[in-house]
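Each remark here refers to the structure printed beneath this line.
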Amino acid sequence: MARGEITHVEFPVTDVEAAKRFYGAVAGWEFSAMPEFPDYWMFRTGEASGGAIGIRDATAPHVVRLYVTVDRLEEAVAAAEANGGSVCQPPAEVPGMGRYAAVHDPEGNELGLWENAPGS
């Protein structure tokens, strides 16, 4: 995945089954549960991209969040802060997959940042 590529989107929902029906009918997405992340259902939109639906403010953020791939997570977080942004989710690990954080841009929009685990 290239730096800056949008690779994941999270949709917060309150009615999981209604959301699955909606996105399945509109976009043709198929959802799969993630046993290691209860109340989080993944979908694919391409070879290296996709997203998930999760419970709003529990397993997903309050608003829709796009994730972009970065080379170095801490550097991207620092760059966000140095350019008028703020951290809304500090760096955290997804074991065996990578690390993520989320920032607000200067306008208050959320942006997720993703760093792949070494070798992935």
Side-chain angles (χ1 to χ4, degrees):
M1 286 175 267
R3 177 177 180 248
E5 184 178 346
I6 296 172
T7 54
H8 189 79
V9 60
E10 287 178 326
F11 292 97
V13 303
T14 54
D15 185 335
V16 172
E17 293 309 314
K20 286 181 185 178
R21 279 192 309 276
F22 176 85
Y23 288 109
V26 171
W29 297 340
E30 295 179 8
F31 294 88
S32 58
M34 292 193 63
E36 58 273 274
F37 298 104
D39 297 326
Y40 197 77
W41 296 266
M42 300 283 292
F43 62 88
R44 302 298 292 146
T45 59
E47 183 69 27
S49 60
I53 58 173
I55 307 299
R56 184 182 313 275
D57 296 323
T59 59
H62 187 76
V63 296
V64 172
R65 183 185 290 164
L66 296 176
Y67 283 81
V68 297
T69 298
V70 298
D71 293 331
R72 291 174 197 82
L73 188 60
E74 279 75 12
E75 288 180 16
V77 169
E81 291 179 304
N83 287 280
S86 62
V87 176
C88 58
Q89 168 70 52
E93 184 175 349
V94 178
M97 297 175 75
R99 301 171 57 236
Y100 72 99
V103 297
H104 285 117
D105 72 10
E107 297 295 321
N109 299 301
E110 284 192 20
L111 176 66
L113 306 171
W114 176 260
E115 176 186 279
N116 287 312
S120 59

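Every value quoted in this text rests on a predicted model; they were computed, and no experiment measured them.
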Tell me the closest heavy-atom pair linking Met42 and Met34, and the distance in Å. CG-SD, 3.0 Å
Can you name the residues that form a salt bridge (Lys or Arg N to Asp or Glu O under 4.0 Å) with Glu74, not counting sequence neighbours? Arg99
Do the side chains of Phe22 and Val63 join up, straight or via other hydrophobic residues, at under 4.5 Å, putting them in one cluster? no
Would you please name every residue forming a side chain to side chain donor-acceptor pair (under 3.5 Å) with Thr45, sequence neighbours left out? Ser49
For Ile55, check side-chain contact (heavy atoms from CB on, under 4.5 Å) against everything at least two apart and list the hits. Val16, Asp39, Trp41, Ala58, Thr59
Any ring-ring contact (aromatic ring centres under 6.0 Å, His included) pairs touching residues 69-101, not counting sequence neighbours? none
Nearest heavy-atom neighbours spanning His8 and Ala52: CE1-N, 3.9 Å
Excluding sequence neighbours, so at least two apart, what forms salt bridge (Lys or Arg N to Asp or Glu O under 4.0 Å) with Glu47? none
Determine the minimum heavy-atom distance between Pro12 and Pro61, stating which atoms define it. CB-O, 2.9 Å
With sequence neighbours excluded, tell me which residues meet ring-ring contact (aromatic ring centres under 6.0 Å, His included) with Phe31. Phe43
Between Pro38 and Pro35, the two heavy atoms sitting closest are CD-O, 4.0 Å
What's the separation between atom CD1 in Ile53 and atom OG1 in Thr14, rounded to the nearest 0.5 Å? 10.5 Å
Hits for side chain to side chain donor-acceptor pair (under 3.5 Å) against Tyr67, two or more places apart or cross-chain, chain-then-number order -> Glu10, Arg65
With Met97, which residues qualify under side-chain contact (heavy atoms from CB on, under 4.5 Å), at least two apart? Val94, Trp114
Tell me whether Glu107 at atom CD has more than 12 heavy atoms from other residues, nucleotides or ligands lying less than 6.0 Å away. no
4.5 Å side-chain heavy-atom contact, Glu110 and Cys88: yes
Checking Asp105 now: which residues fulfil side chain to side chain donor-acceptor pair (under 3.5 Å) with it, not counting sequence neighbours? Asn109
Would you be so kind as to tabulate the donor-acceptor pairs closer than 3.5 Å made by side chains of residues 75-83, with sequence neighbours excluded?
from	atom 1	to	atom 2	distance (Å)
Asn83	ND2	Ala79	O	2.8

Would you list the pairs meeting salt bridge (Lys or Arg N to Asp or Glu O under 4.0 Å) in which at least one residue belongs to residues 11-20, sequence neighbours left out? Glu17-Lys20
Partners meeting side chain to side chain donor-acceptor pair (under 3.5 Å) with His104 (sequence neighbours left out): none
With a 4.5 Å heavy-atom cut-off, do Val68 and Thr7 have their side chains touching? no
Separation between CH2 (Trp29) and CZ (Arg44), nearest 0.5 Å, reads 12.0 Å
